[in-house]
Number of protein chains: 2
Amino acid sequence: MAATIKDIAKRTGLGLATISSYLNGGNVREKNRILIEEAIEELHFEVNEIARGLKTNRTKIIGIIIPELNNPFFSEVVAEMEDILRNHGYATMLCDCRTDEKREAEAIEFLKKRRVDGVISVPVTREGTYFQELQESGIPVVTVDRKLEGLDCDCVLVDNRVGTKSAVERLIQAGHRNIGIITGKNDVYTTKERLLGYYDALDEAEIERDDSMIANGQFTIQGGANALKELVEKNEKMTAVYVCNYEMMVGAMIEVNELGIRIPIQLSFIGFDNIEFAKACVPRLSIVTQPIKDIAKEAVNCMLERLEDGKQTPAHTISLPTDFMGGESIQALN
Amino acid sequence: MAATIKDIAKRTGLGLATISSYLNGGNVREKNRILIEEAIEELHFEVNEIARGLKTNRTKIIGIIIPELNNPFFSEVVAEMEDILRNHGYATMLCDCRTDEKREAEAIEFLKKRRVDGVISVPVTREGTYFQELQESGIPVVTVDRKLEGLDCDCVLVDNRVGTKSAVERLIQAGHRNIGIITGKNDVYTTKERLLGYYDALDEAEIERDDSMIANGQFTIQGGANALKELVEKNEKMTAVYVCNYEMMVGAMIEVNELGIRIPIQLSFIGFDNIEFAKACVPRLSIVTQPIKDIAKEAVNCMLERLEDGKQTPAHTISLPTDFMGGESIQALN
DNA sequence: TTATTAAACCGAAACGTTTCGGTTTTGTCT
DNA sequence: AGACAAAACCGAAACGTTTCGGTTTAATAA
C-alpha cells in the first residue's frame, strides 16, 4: 500500500542507506537529492514512524499524566506542552487519572508498555515509587506543580509559599487580622506549601494561628463550597478568606452567593488561578495566578534536555514565581 | 535490556509462535501456560507494542484533534473519550490546533505519519478535504459537535437547533419579545444550527427577525464581551439575551458586570454548557447543557465499531438532545 | 492396539526502518 | 596524471513482533 524506503531506493536507483541518510538529514549529492525528493513526492512516501521507533528504540512520544483534564490549570498546561512538544516533533499521549492513585499507577504502566520516551506528570500519589521505577527503567520523568518524596526527578514548581504569603500580606496590610484559608487535599505538595505561606504571613505580622480558620476544600468545587460555609459558621469575626485553587474558588463563590454574603463589604476574598473567572465575578476577584506558559516551557525543556542532549546531570527543581491580579474583592479596613 | 518474546521462548523451551499465541489469547497447554507466566514474571517481560504495531499495522492509538483544550466543553469530551479508549486498550494522541485551520491540517498530517488507527475531531475547517483524504487513506474519522460538508464520516452532534429553540421559547413564554443572541464564528456548523433554532422560536411566535439583535462573539471571551456591549448599545428595548457557548457566556458576564447591568431585572440571560460557572454567578444563570459523556461515548463507539468489528456501513450521524438547567436569570415579564 | 482428527506447537519470513563496516566516487594537491 | 583524503554510497543484519504452512502431540474412536 504505502510506499516504503525500499520503493524510493528502487525508484531512484540509490541504496537503502542513502535514502535513510537523506531522511535523517545526512549529506547527499545534489542530483540525488533531487531524485529522492521527486520519488518521495511521486510515491507519496511518508516515513513509517513505527518502524523507525522499533529500530531506534525511541518513539518520540511523551506521556502526560494529570489528575483532571477538566481543570483549567491542568488543561492549559497540557495544551501548552503539547504545542511545544509537537514543534519539536514529539507526540503527546494523554492519560487523565481522575485524581485516583490506582488509575495513576495504571497510567504509568500503560505508558511504559507504549514505550513513551518520557513522562511529564502532575502526580496524585504521595509516594513516587511507581514513577521512580519508571525512571529507573530508563524513562525520564518530570513532575509539574508537585514534588514527590522518594522520587528523584526534575520538577517544575511555582513558588506557592511565597505567592501565598504575599497574597495574605495584602489582606493584612488592608487591616485584616481574621483571615481564613481554604486548603486542598492534605497530602498534596501544593497544599502544604500554600499553608506554609499563609503561616509565614501570619507569623510575620504576629497574628496568632487559629485552626478554626483553616478549612479543607479537597480541591473540589463542592469541597470549596462546604469549606466556605464551615469557615463562615465557625468564625464570626472572619473578615477575609484566601482560597487555594480554582475549583475551590468556584465552589466558594457559589456558596458566597448561596449565603448572600457581599464581597468585599462582608468578606474580602482572594482566589486562585483563573483570570477569566475572576473577571467575570461581581465584584472582580483578586487572585494569585500561575505562569502557565512558563511552567509548560520549563517542563518540556527539562524533558528534552535529557532526551535530546542526553543530559545526565542530577535532578533539579525549577521554581517559578506567582503573580497577582488585583480586583475589587479586598476591603480596606483601615 | 528489556526481555523479549525470544527470551521467554528460550526460558520455557517453547517456540516463538506459542508464546505469541499465548500473548494474543490463543490456547496453550496448562503446563506451558504456567511456564510462560512464570517466565514473564521472572524476566519482567512486557510486549513491545511498537514491534507489534509494525507487524500488525495497527498502533492502537486514536488521534484527537480539537480547537482548544482550554475550553471546558472540549476538555471534558476529551477526558471522557480518553477514559473509554484506554479501557479498550487504545491510547490517545492529542493535538490542540488552537482554532487554526493551518494547524489543523498540520495535525492531520502529523497523526497520519504517526500511523494512528483513527482520528476523532472537533473540526475547525469549513471544508473537510484534509479529513476526507485521511479517511480515504484508510484511517477512519469521526467528527464531534460539528458536521463538515464534503466529509463523509461518522458524526456525533447535539441537537443545537432544537435545544436553542426551546431555550429561546422559554424567554418568549416569560414574555420577552426583544431577544438578542450572541453567536459564534460564522462558518462553524454549530453557529448556524443555533441561529436556526433561534429563528425557529421567533418565527413560531411570530416575532420579527431583527439583525441588530444578532452579535457575533467569535466563540471567545473577549468576543462575547464585545458582542454583549454591542447588543446593549444597539438595542435599548432588548430584555433578554441568549449566549451560544461557554467562552462567550463568560465574556458576556464580564461585560454585564462592567456595564453594571443587573440580571435578571434589566436583562434576562440564558447561557451555555458550564454548570459550575452558571451556579457560581449571581444570580445563578439558566443554561443549555450538552450531554458530554454521551457525546464521548457515542464518538468512541463509532470509531471502535469500524476499527474492531470492521464495520463498513456508510457514515451515519448521531444526534443527541441538549438539556436545560434553570437558574434565576430569567425575569418573567408577564 | 491402531487409525483418525483436532489441538498445540514450531521456525522462518516478514513488517519498514537504522546502522555497521566496507566500497566507490569525488575533489584536491602535487 | 597520479595519489590521497574525504565524502558519498552501499547492502546485510537487526529491532521484536505476528503469521504462515507444516509438524508433532494428545484425544478419541474403532
Side-chain angles (χ1 to χ4, degrees), chain A residues 1-37 39-40 43-61 89 91 112-117 137-138 307-308 310, chain B residues 1-37 39-40 43-61 89 91 112-117 137-138 308:
Chain A
M1 186 70 240
T4 78
I5 220 178
K6 282 182 193 163
D7 298 320
I8 305 295
K10 209 167 293 173
R11 183 75 139 66
T12 56
L14 296 167
L16 253 4
T18 308
I19 313 297
S20 175
S21 164
Y22 166 85
L23 291 173
N24 292 290
N27 279 328
V28 167
R29 259 189 277 283
E30 182 67 4
K31 69 176 206 295
N32 290 338
R33 207 207 73 218
I34 294 170
L35 269 176
I36 294 174
E37 282 169 1
I40 288 178
L43 304 178
H44 302 111
F45 169 79
E46 272 179 344
V47 3
N48 185 326
E49 298 284 349
I50 308 303
R52 176 181 276 175
L54 174 60
K55 191 66 232 208
T56 58
N57 217 16
R58 309 185 63 227
T59 51
K60 287 238 171 191
I61 298 176
K112 190 176 173 200
K113 214 174 263 169
R114 292 310 190 121
R115 301 301 210 261
V116 295
D117 287 348
S137 80
L307 253 29
E308 311 262 87
Chain B
M1 187 69 241
T4 79
I5 221 179
K6 282 183 193 162
D7 298 321
I8 305 294
K10 210 168 293 171
R11 184 75 140 64
T12 56
L14 296 167
L16 254 1
T18 308
I19 314 296
S20 174
S21 164
Y22 166 85
L23 290 174
N24 292 289
N27 281 326
V28 167
R29 260 189 276 283
E30 182 67 5
K31 69 177 206 298
N32 290 338
R33 206 208 74 218
I34 295 170
L35 269 176
I36 294 174
E37 282 168 2
I40 287 177
L43 304 179
H44 302 111
F45 170 79
E46 272 179 344
V47 4
N48 184 325
E49 297 285 350
I50 308 303
R52 177 180 275 175
L54 174 60
K55 192 65 228 203
T56 58
N57 217 15
R58 309 185 62 229
T59 51
K60 288 239 172 190
I61 299 176
K112 190 177 172 199
K113 214 175 263 169
R114 291 309 190 122
R115 301 304 208 260
V116 295
D117 287 348
S137 81
E308 310 262 88

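Keep in mind that what you see is a predicted model, and the values were worked out from it rather than measured. Quick note on labels: first sequence line is chain A, next is B, and so on, each numbered from 1.
Side-chain atoms of B:Thr12 never come within 3.5 Å of backbone atoms of B:Leu35 as a donor-acceptor pair (strictly under, hydrogens ignored).
Here B:Leu14 lies in heavy-atom contact (under 4.0 Å) with sugar-phosphate atoms only. A:Ser20 comes within 4.0 angstrom of a base, heavy atoms only. Within 4.0 Å (heavy atoms only), B:Asn57 reaches no atom of the nucleic acid at all. Across all strands shown, A:Glu30 has no heavy atoms under 4.0 Å from either base or sugar-phosphate atoms. Within the 4.0 angstrom heavy-atom criterion, only backbone atoms of the sugar-phosphate kind lie near A:Phe45; the bases stay farther away.
Within a 6.0 Å sphere centred on NZ of B:Lys113, heavy atoms belonging to other residues, nucleotides or ligands number 12 at most.
A:Ile50 CD1 to B:Lys55 NZ: the interatomic distance, rounded to the nearest 0.5 Å, is 15.0 Å. Atom CD of A:Glu49 sits about 12.0 Å away from atom OG1 of B:Thr59, to the nearest 0.5 Å.
With the nearest nucleotide of DNA chain C identified for both B:Gly15 and A:Ala51, B:Gly15 has the one nearer the 5' end. For the pair A:Gly13 and B:Lys6, both in contact range of DNA chain D, the more 5′-proximal nearest nucleotide belongs to A:Gly13.
Computed from coordinates, the A:Arg52 CZ to C:dT19 C1' distance equals 13 Å when rounded to whole Å. Atoms CD1 (A:Ile8) and P (C:dT17) sit 9 Å apart, rounded to a whole Å. Summarising the geometry, the separation between CG on B:Asn24 and P on D:dG16 is reported as 17 Å, rounded to the nearest angstrom. Residue A:Arg115 contributes atom CZ, which lies 14 Å from atom P of D:dC15 at whole-angstrom precision. Residue B:Glu46 contributes atom CD, which lies 19 Å from atom P of D:dC15 at whole-angstrom precision. One interatomic measurement links the two molecules: CZ of B:Arg114 to C1' of C:dG16, which rounds to 16 Å at whole-angstrom precision. Taking atom NZ on B:Lys10 and atom P on D:dG16, their separation rounds to 11 Å, with Å as the unit. B:Leu16 has its CG atom 15 Å from the C1' atom of C:dA8, to the nearest Å.
Rounded to 10°, the helix from C:dT1-D:dA30 to C:dT30-D:dA1 has 30° between the axis fitted to its first five pairs and the one fitted to its last five.
The side chain of A:Asn27 contributes an N or O atom lying less than 4.0 Å from OP1 or OP2 of D:dA8. For D:dA8, the OP1/OP2 oxygens have no side-chain nitrogen or oxygen of A:Arg29 closer than 4.0 Å. Regarding contacts with the backbone of C:dC10, a side-chain N or O of B:Thr18 is found under 4.0 angstrom from either OP1 or OP2. Note on B:Asn48: every side-chain N or O is 4.0 Å or more away from OP1 and OP2 of D:dC15. Residue B:Asn32 has no polar side-chain atom (N or O) positioned under 4.0 Å from OP1 or OP2 of C:dA8.
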Output, in order, the C-alpha distance, side-chain angles, deciding distance and verdict of side-chain contact (heavy atoms from CB on, under 4.5 Å) for B:Asn48 and B:Thr4. CA-CA 8 Å; B:Asn48 184 325; B:Thr4 79; over 6 Å; no
Take A:Arg52 and A:Asn24 through the side-chain contact (heavy atoms from CB on, under 4.5 Å) test and state the conclusion after the steps. CA-CA 11 Å; A:Arg52 176 181 276 175; A:Asn24 292 290; 3.5 Å; yes
Could you walk me through whether A:Leu23 and A:Ile36 pass the side-chain contact (heavy atoms from CB on, under 4.5 Å) check? CA-CA 10 Å; A:Leu23 291 173; A:Ile36 294 174; 5.9 Å; no
Given B:Arg114 and B:Ile61, is the side-chain contact (heavy atoms from CB on, under 4.5 Å) satisfied, shown in steps? CA-CA 9 Å; B:Arg114 291 309 190 122; B:Ile61 299 176; over 6 Å; no
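When each of C:dG16, D:dT18, C:dC9 is scored by its nearest atom to the side-chain atoms of A:Lys55, the top-ranked nucleotide is C:dG16. For A:Ile5, taking side-chain heavy atoms from C-beta onward, the closest of the listed nucleotides D:dT18, C:dT17, D:dG11 is C:dT17.
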